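I have placed the structure first, in the form of structure tokens, so that the comments after it can refer back to it.
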Amino acid sequence: MDIGIHHLRCFLTLAEEQHFTWAADRLGVSQPTLSRQIRRLEESLGRSLLDRSTRHPRLTAEGRRLQAELRTLLPRLEAALQPPEPQAPLRLGYAWGFPTQLGRRAIEHLEERHQVLVQPVRVDDRTAGLREATVDAALLWGSVDDPRLTSVQLLREPRVAAVSRRSTLSVKSAVTWRELGRRCLVVNTLSGTLTPDDWPCDNRPETGAEATNLEEYLHAVAARRGVGVLPASVAAQHPDPDILYLPLTGAPAATLHYAYPRTNPHPYAATLQEALLRTLPPAPARPVGAGRAAA
């Protein structure tokens, strides 16, 4: 039986119009072409579908039965044969420096293995766009404390002090957490992970300047408005001729988390988490229950 979808579509359109000229116009073919397609369908089935004894074709009993079946089956068949819709890109938010090696390896794995485009998106707020749903997942420095998010801690790394090369601290080979408590601090008010409250009550720095993104933060440090504190890998990505990065002893470790919404997540949000964990060094990552993570 040599019947194609185009034969069935021609018949169903003619059955609806019951007029060769109108049906041919709908299909974008000539009337003789439509007539030939219907003839071939009837020959393949071995039965007549149209009564051609009148001016306009009318369906036979077999034609009415086929029309009733095709109204349901043909749209489903055509939909099944359509190529799948491309998966929407996964928008991956970040604020404080993208973890290049870890993030890029995981993105490469996801794109090659699953053919899903990952778009890193910088959003300068505490959840890098997750709360406003402008991203599908995010890499976040600092604690994650939102029950609406699923999160996992990826790594811990030391922090460094960012000081102006004109600062009196620039002659040191390292500084301590307590030493910074006697200085003015540059604070990122939108996406920062540290405030003066992170120091002991008896050794708490004053706020020397406020910033809303990493560029403003570094400019304030270079201008000697205060010292900064960054994860070591973020500092390494942002060399500045006017800033010196010094080892910082006694400071709490910086933690990096991956997070995505618990409700209606992107279909590949959990898959990207698996790729991130797979590319980590051997030290095991600890999943965070109920969307919470230790600082």
Side-chain angles (χ1 to χ4, degrees), residues 78-158 188 190-193 213-215 230-239 253-293:
E78 290 177 328
L81 294 177
Q82 287 292 323
E85 290 291 328
Q87 179 61 57
L90 190 155
R91 301 163 298 173
L92 180 61
Y94 69 96
W96 275 91
F98 188 79
T100 51
Q101 290 187 339
L102 172 66
R104 288 171 181 169
R105 288 199 301 268
I107 288 173
E108 182 178 352
H109 172 85
L110 189 69
E111 291 183 340
E112 290 184 353
R113 181 70 62 86
H114 300 282
Q115 305 300 305
V116 178
L117 178 66
V118 180
Q119 295 178 335
V121 182
R122 175 175 155 175
V123 183
D124 289 309
D125 70 46
R126 184 63 190 87
T127 63
L130 279 176
R131 287 199 182 102
E132 293 75 23
T134 57
V135 299
D136 303 300
L139 291 164
L140 304 173
W141 289 102
S143 61
V144 177
D145 190 12
D146 191 328
R148 295 170 297 180
L149 302 177
T150 294
S151 67
V152 62
Q153 180 176 296
L154 297 176
L155 55 82
R156 295 167 62 87
E157 69 175 49
N188 184 324
L190 288 186
S191 58
T193 59
N213 57 56
L214 186 53
E215 283 75 19
L230 297 173
S233 63
V234 175
Q237 293 178 49
H238 294 85
T255 56
L256 179 69
H257 298 85
Y258 173 75
Y260 60 91
R262 288 185 176 277
T263 304
N264 298 322
H266 188 282
Y268 285 90
T271 308
L272 180 55
Q273 174 177 302
E274 295 171 4
L276 287 162
L277 293 173
R278 189 178 296 112
T279 56
L280 285 174
R286 177 168 54 87
V288 181
R292 302 179 66 89

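Fair warning: this is a prediction, and the values are worked out from it, not measured in the lab.
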List for me each residue that meets salt bridge (charged side-chain N to carboxylate O under 4.0 Å, His left out) alongside [X], sequence neighbours excluded, and say none if there are none.
| X | value |
| --- | --- |
| Arg91 | Asp136 |
| Glu111 | none |
| Asp125 | none |

Any salt bridge (charged side-chain N to carboxylate O under 4.0 Å, His left out) involving residues 266-278? Give me the pairs, sequence neighbours left out, ordered by first then second residue.
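Sorted pair list comes back empty.
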Output all residues satisfying side-chain contact (heavy atoms from CB on, under 4.5 Å) with [X], sequence neighbours left out; order by chain, then residue number.
| X | value |
| --- | --- |
| Ala106 | Leu272, Ala275, Leu276, Thr279 |
| Glu108 | Glu112 |
| Pro265 | Tyr260, Ala269 |

Listed by chain and number, what are the side-chain hydrogen bond (donor to acceptor under 3.5 Å, both in side chains) partners of [X], not counting sequence neighbours?
| X | answer |
| --- | --- |
| Asn188 | Ser191 |
| Arg122 | Asp124, Glu215 |
| Glu157 | Ser233 |
| Glu132 | none |

Considering only residues two or more places apart or on different chains, which pairs with a residue in residues 96-147 satisfy ring-ring contact (aromatic ring centres under 6.0 Å, His included)?
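Every pair satisfying ring-ring contact (aromatic ring centres under 6.0 Å, His included) with a residue in residues 96-147: Tyr94-Phe98, Trp96-Tyr217, His114-Tyr268.
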